Structure formats: C-alpha cells, structure tokens
Amino acid sequence: MLSIRSGTVNDVPLLKTLIEEFAAYERLPAVVSEERLREDGFETRPKFQILIAEIDGEPAGYALFFDYYSSFQGPGIFLEDLFVRPGFRGERVGRALLDRVARIAEEANGFGIMFNVLDWNHGAIEFYRRNGATFLDDWKTVCLKQKPLQDLTSAV
C-alpha cells in the first residue's frame, strides 16, 4: 500500500541516500552532508520540508520543497526534488507526492508550485505535462556559485 508521510530527523540517512540516487540519475554531483541536511531541515528554522513515499513500508521516493515568494503572484512552493526510485515507477508514487505538495500549497493559500526539469528528462517532462504544468520556455534558470559568487562578494 502507498503512503506519504512527512520526513523526520530520523530520516536524514535515508534522505541522503535518496538524494544520492536522484543525483546519479540526473548525472549531477551530490555533496550535501547528513549533518547539513539535519541542520537545514530539522532545526529551529527549517529551510526545507520533506515528504517520504513508501510502498508496503519500503521507501519508494521523496519530495523536497520550500517556501517560495513571487513578487508578481505572492507565496508559493518551490519543488526542488521529486524522485521515485526506479523499482517503484509506474505505481503512482510521483503523482501522490505531487498531489501532497499541491495540497500543502493550497492550504497555505499559495499561487502554485514552481520547479525545474532537465530538458533531456523526457519522462519527467511528460509526467508534468500530464498533470497540467505550464512550461516557461522563455525563462532561463540562472545560478551564481563558487568563484563567480565569491568574485561578486569581494568586489564590494
């Protein structure tokens, strides 16, 4: 049976494993530590929330999200990760996680959910299209990190 629950501090080792699996699937490095996840997700002012999907008690996937604010639309949620382990795909795990995040956004009177999807991930793109997502193709995700970020802070 499929169940969705909020993650707890006791889930940090599992969360780290799921993040590493997701990173491998997306061909990206995962450098976050268990300690950082514990601090950022479960201390006084959490920076993210986590949902864990289980099928018959086995971890099947997760969603990691946080509050987002649009100056044009007001509050919403940014869905950073939605990952279903390969052995559980096709079992409606992703839909159940997305449904729960949508419910959380609505309960908070948010405008919606924002997220990114890699352009080569056709399965995810189709999943989001089937669920009514609008793709903002005229927008580009931009990131400043490492040396460019340090260069900006040292220029002042």
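Remember, predicted model here, so these are calculated numbers, not experimental data.
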Inspect the surroundings of CZ in Arg89 and state if more than 12 heavy atoms from other residues, nucleotides or ligands are less than 6.0 Å away.
yes

Between Arg36 and Phe42, is NZ or CZ placed under 6.0 angstrom from the six-membered ring centre and within 45° of the ring axis?
no

State the CG-OG1 distance between Asp137 and Thr134, to the nearest 0.5 angstrom.
10.5 Å

Identify the heavy atoms of Leu82 and Ala63 that sit nearest to each other, and give their distance.
CD1-CB, 4.0 Å

Any donor-acceptor pair under 3.5 Å linking the side chain of Asn121 with the backbone of Leu118?
no

Identify whether Ile104 and Leu97 are in the same connected component of the hydrophobic contact network (ILVMFWY, side-chain heavy atoms under 4.5 Å).
yes

Out of curiosity, Ile77 CD1 to Glu106 CD, how far, rounded to the nearest 0.5 Å?
10.0 Å

Heavy atoms, side chains only, cut-off 4.5 Å: are Pro59 and Arg85 in contact?
yes

Out of curiosity, does Leu79 fall in the hydrophobic cluster containing Tyr69 (side-chain heavy atoms, cut-off under 4.5 Å, transitive links)?
no

Does one hydrophobic cluster hold both Phe88 and Leu64, with members joined at side-chain heavy-atom distances below 4.5 Å?
no

Looking at side-chain heavy atoms only, is the closest gap between Ile19 and Leu37 below 4.5 Å?
yes

Check whether any side-chain heavy atom of Ile4 sits under 4.5 Å from a side-chain heavy atom of Glu54, and report yes or no.
no

Drop me the distance from Ile113's CD1 to Leu98's CG, to the nearest 0.5 angstrom.
5.0 Å

Are any of the side-chain heavy atoms of Thr153 and Asp151 separated by less than 4.5 Å?
no

Are Glu34 and Arg38 within salt-bridge range, i.e. N to O under 4.0 Å?
yes

Which heavy atom of Ile52 sits nearest to which heavy atom of Gly7, and what is that distance?
CG1-CA, 4.2 Å

Rounded distance (nearest 0.5 Å) linking atom CG of Asn10 with atom CG of Leu15:
12.5 Å

Would you say Trp139 has more than 12 foreign heavy atoms packed within less than 6.0 Å of its CH2?
no

Going by an N to O cut-off under 4.0 Å, is there a salt bridge joining Glu107 and Arg103?
no

Ala124 and Val117: which non-hydrogen atoms are nearest, and at how many Å?
CB-CG2, 3.6 Å

I'd like to know whether Val12 forms a side chain to side chain contact (heavy atoms under 4.5 Å, CB included) with Glu35, so could you lay out the CA-CA distance, the side-chain angles of the two residues, the decisive distance to 0.1 Å, and finally the verdict.
CA-CA 8 Å; Val12 168; Glu35 179 181 347; over 6 Å; no

Any salt bridge between Asp99 and Arg95, counting N to O under 4.0 Å?
yes

Path from Val84 to Ile50 over hydrophobic side-chain contacts below 4.5 Å:
no

Give me the atom names and distance for the closest heavy-atom approach of Pro148 to Leu144.
CB-CD2, 4.0 Å

Give me the atom names and distance for the closest heavy-atom approach of Phe66 to Glu80.
CE2-CB, 3.9 Å

I would like to know whether Tyr128 and Phe115 meet ring-ring contact (aromatic ring centres under 6.0 Å, His included); could you show each step before the answer?
CA-CA 10 Å; Tyr128 292 124; Phe115 51 92; 4.3 Å; yes

Closest approach of Ala23 to Ala30 (non-hydrogen atoms, all atoms of both residues):
CB-CB, 3.6 Å

Proximity of Phe83 and Phe22 rings by center, below 6.0 Å
yes

Kindly check if the number of other-residue, nucleotide or ligand heavy atoms within 6.0 Å of CZ (Arg5) is above 12?
yes

Shared hydrophobic cluster for Leu2 and Leu14 (ILVMFWY, side-chain gaps under 4.5 Å):
no

When rounded to the nearest 0.5 Å, the distance separating CD1 of Ile55 from CD of Glu91 is 5.0 Å

CD of Gln73 to OH of Tyr68, rounded to nearest 0.5 Å, is 7.5 Å

With side chains defined as the heavy atoms from C-beta onward, is the minimum distance between Phe65 and Leu51 less than 4.5 Å?
yes

Less than 4.5 Å apart, any side-chain heavy atom of Thr17 and any of Tyr62?
no

Between Lys145 and Gln150, is there a donor-acceptor pair closer than 3.5 Å when you use the side chain of the first and the backbone of the second?
no

